[in-house]
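Any value given below was found using the heavy atoms of this structure, including those in side chains, with hydrogens, waters and symmetry copies removed. The chains referred to below are lettered A, B, ... by the order of the sequence lines, with proteins before strands, and numbering in each begins at 1.
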Protein chains: 2
Amino acid sequence: MNYSVSEENYIKSIYHLQQQTDTVTTNSLANELRTKPASVTDMLKKLQTKKLIEYEKYRGFKLNANGNKIALGIIRRHRLWEFFLVNKLGFEWDKVHVIAEELEHVSSADLIERLDSFLKFPQTDPHGDPIPDTNGKMAFIKQLNLAEIIVKKNIVVSSVGSQSPEMLEMLKHYHISIGTSLKVIKHFAFDGSIEIKVLQYTPCIISEQVAKNIFVHHD
Amino acid sequence: MNYSVSEENYIKSIYHLQQQTDTVTTNSLANELRTKPASVTDMLKKLQTKKLIEYEKYRGFKLNANGNKIALGIIRRHRLWEFFLVNKLGFEWDKVHVIAEELEHVSSADLIERLDSFLKFPQTDPHGDPIPDTNGKMAFIKQLNLAEIIVKKNIVVSSVGSQSPEMLEMLKHYHISIGTSLKVIKHFAFDGSIEIKVLQYTPCIISEQVAKNIFVHHD
DNA sequence: ATTAAAATTTAGACAAATCTAAAAATATTA
DNA sequence: TAATATTTTTAGATTTGTCTAAATTTTAAT
C-alpha cells in the first residue's frame, strides 16, 4: 500500500500523540497538524477504511498494529534523513526538521536501506531519538527528565522534547546538545528553575520549561 | 515563488521538449506527461498567469526567461540527486531516475547547495548530462551522435539519450557506460547498424536505434 | 438530573488537478 | 477551396484534501 503525503502526516502525528495518551482526540490532532477538527474527522474515516486506525465516533482513536508499522516507517525515514543532513551535509541540528519532513515522503524502500547503510546504520537521530529498524523495531531508551534530576552526578543529554528552532537555538546558547555532559547544581523552588553546570562553562540557570524538554541518562 | 509538484513536472517537460522543437504542442506535452490534452490546456493557463510561459491559444507555447530558470533549477536538483544516488548510495545508473523525480521536488535551496558541495560540485550526472549551476548556467557539451561517427579513432561515451531501464540494461550488457572508450569499426548500410569495439571486449554490433541514443566526444 | 459548555461530526462549499465528451480552430487533402 | 481529419480548447464532472457553519454528542457544572 502507498499513502499520500497528507495521510502520512496524519499517521505520524497520531503516533506522536499516542506516546503521551493512548487514545487521541480529534481536537489534539487538529492542533498538532494546524488544521481544523472537521478536516481531521474526514481523514479519520479514510484511515479507518484503509484499516490503519481503530476509531469510534466521538470516542477517540488510535493506530492499530498496521498503522503503527506505517508510522514507524515514516519515522525511520525522517530520522535517517535528519542524520544525513547533520552528519553529511553539515546542517545545524535545529534546521533539519522541516527539510526531513519533505524527504520522509519519498517512498522508495531501496533508497532508505541504502541510505541507512551509507550512514553506517545510526542508532539515533541528531536530537537523540532512536531510529526504528526496517521492521519497525525501535530501541527503547530510558529517558530521565532533567527537571526531575536530583543527584549531583554527571549526566548526559540524550534527547530533547521540542525541536522548534526557538528551543534549539536557546539550547545552543547554553552549549547544550546531544551528548553534552552536565551536572545539576541547585533547584529553585520558587519557579522550578534549576542551576546546571556544563563542563568547562560557568554554571547557568535554565527555566523549568526548558528543563522539561531535556532528557538525560546517567553517565 | 513556490511551485507545486505538478507545476514543476509540466515546466520540466516543456523544457525537455523545447530541446528538440522551439515551441511545444499540447499533444506532445500530454504524451510526454502521460496525461490528456485537456489537462495540459488547463495547466497552460495556470503557467501563463504565473508568467512562466508564452502561450497563444492553438499556436503552441514555450518557456519564457523566468520559466527557463525555474526549469534549470529543477534539472539541477534532479541531476545532483542522481549523482548522489549512484556515487554515494551505490545505485545502478538505470535505477535512479524515478527516485530522483521525487527528490527533485524537495524545495530547500540550502539543501541543494550543501548537497552540491558534499558531492564536490560534479559537472555531469551519471548519464553524462551537464548539471546547471545555481544561476541556471549549464555547460554546453558538444554531442556527437554515435550513429554518425565515421572515423575509426577512439571516442568516449559522454551521455545517453534514453534513460529507460530497458535501454540502460542493454547498454550494460554491451559494457557501455559514461566514460567508456570505444571505436566504430563498420557501418552496415542495410539496417544502419554498426559494429563497435569496446576496449578489452570482442567487437559487437548494435542497432541504429541504440546508436542514436549514444552520444560521444573525441578523446 | 438538567442545563450549559466543549468536543465532535455532518452538510455543503471550494481549490487543485485531473478526466470525458463536445465544440471550436487549425491543418490536410482531394 | 471545400470537405475531412487532426489538434486544441471548453464545459462540466470527479477526486483529494481542506474549510465554515450548523447539528449532534459527550462532558462538566450547577
Checklist entry - What does A:S39 touch in the nucleic acid at a heavy-atom separation under 4.0 angstrom: a base, only the sugar-phosphate, or nothing? => result base
Checklist entry - If you check every side-chain atom of A:D42, which of C:dA11, C:dA24, D:dT18 has the closest atom? => result D:dT18
Item to check | Gap between atoms NZ and C1', on B:K57 and C:dA24 respectively (whole Å) | outcome: 9 Å
Checklist entry - Does NZ or CZ of B:K88 fall inside the cone over B:F118's six-membered ring, less than 6.0 Å from its centre and within 45° of the axis? => result yes
Next on the checklist: Would you call the rings of B:W81 and A:W81 parallel, tilted or perpendicular, taking 30° and 60° as the class edges?
Outcome noted: perpendicular
Checklist entry - Under 4.0 Å between a side-chain N or O of B:N27 and OP1 or OP2 of D:dT8? => result yes
Item to check | Distance in angstrom units between B:E56 CD and C:dA25 C1', rounded | outcome: 13 Å
Checklist entry - Rounded to the nearest Å, what distance is computed from the CG atom of residue A:N31 to the C1' atom of nucleotide C:dA6? => result 15 Å
Checklist entry - Do the side-chain N and O atoms of B:S193 and B:D191 include a donor-acceptor pair separated by under 3.5 angstrom? => result yes
Checklist entry - Looking at B:T41, does any N or O in its side chain come under 4.0 Å of the phosphate oxygens OP1/OP2 on D:dT10? => result no
Item to check | Selection from D:dT26, D:dT8, C:dT20 that lies nearest to any side-chain heavy atom of B:K36 | outcome: C:dT20
Checklist entry - Has A:K45 got a side-chain N or O lying under 4.0 Å from the OP1 or OP2 atom of C:dT9? => result no
Next on the checklist: Regarding B:T26, tell me which of base, sugar-phosphate or nothing describes its non-hydrogen contacts under 4.0 Å with the strands shown.
Outcome noted: sugar-phosphate
Checklist entry - Closer to the 5' end of DNA chain D via nearest nucleotide, is it A:A38 or A:V5? => result A:V5
Next on the checklist: Quick one about B:H127 and B:E82 (side-chain donor to acceptor, distance below 3.5 Å, no hydrogens or angles considered), yes or no?
Outcome noted: yes
Checklist entry - With a 4.0 Å cut-off on heavy atoms, is A:Y10 in touch with a base, just the backbone sugar-phosphate, or nothing at all? => result sugar-phosphate
Checklist entry - So what does B:Y55 hit on the nucleic acid, given a heavy-atom distance under 4.0 Å: a base, only sugar-phosphate, or nothing? => result sugar-phosphate
Checklist outcome for this item: Looking only at C:dT9, D:dT8, C:dT18, the nucleotide nearest the B:M43 side chain is C:dT18
Checklist entry - What's the CG-C1' distance between A:L44 and D:dT18, to the nearest Å? => result 14 Å
Checklist entry - Is there side-chain contact between A:K95 and A:L85, with heavy atoms separated by less than 4.5 Å? => result no
Checklist entry - Can you check whether B:S6 has a side-chain N or O nearer than 4.0 Å to OP1 or OP2 of C:dA16? => result no
Next on the checklist: Taking only side-chain N and O atoms of A:R59, does any of them lie within less than 4.0 angstrom of OP1 or OP2 on D:dT27?
Outcome noted: yes
Next on the checklist: Can you see if the side chain of B:S4 gets near the phosphate of C:dA16 - specifically, an N or O under 4.0 Å from OP1 or OP2?
Outcome noted: no
Checklist entry - To the nearest Å, how far apart are A:F61 CZ and C:dA7 P? => result 14 Å
Item to check | DNA chain D: 5'-proximal contact among A:Y58 and A:R34 (nearest heavy atom) | outcome: A:R34
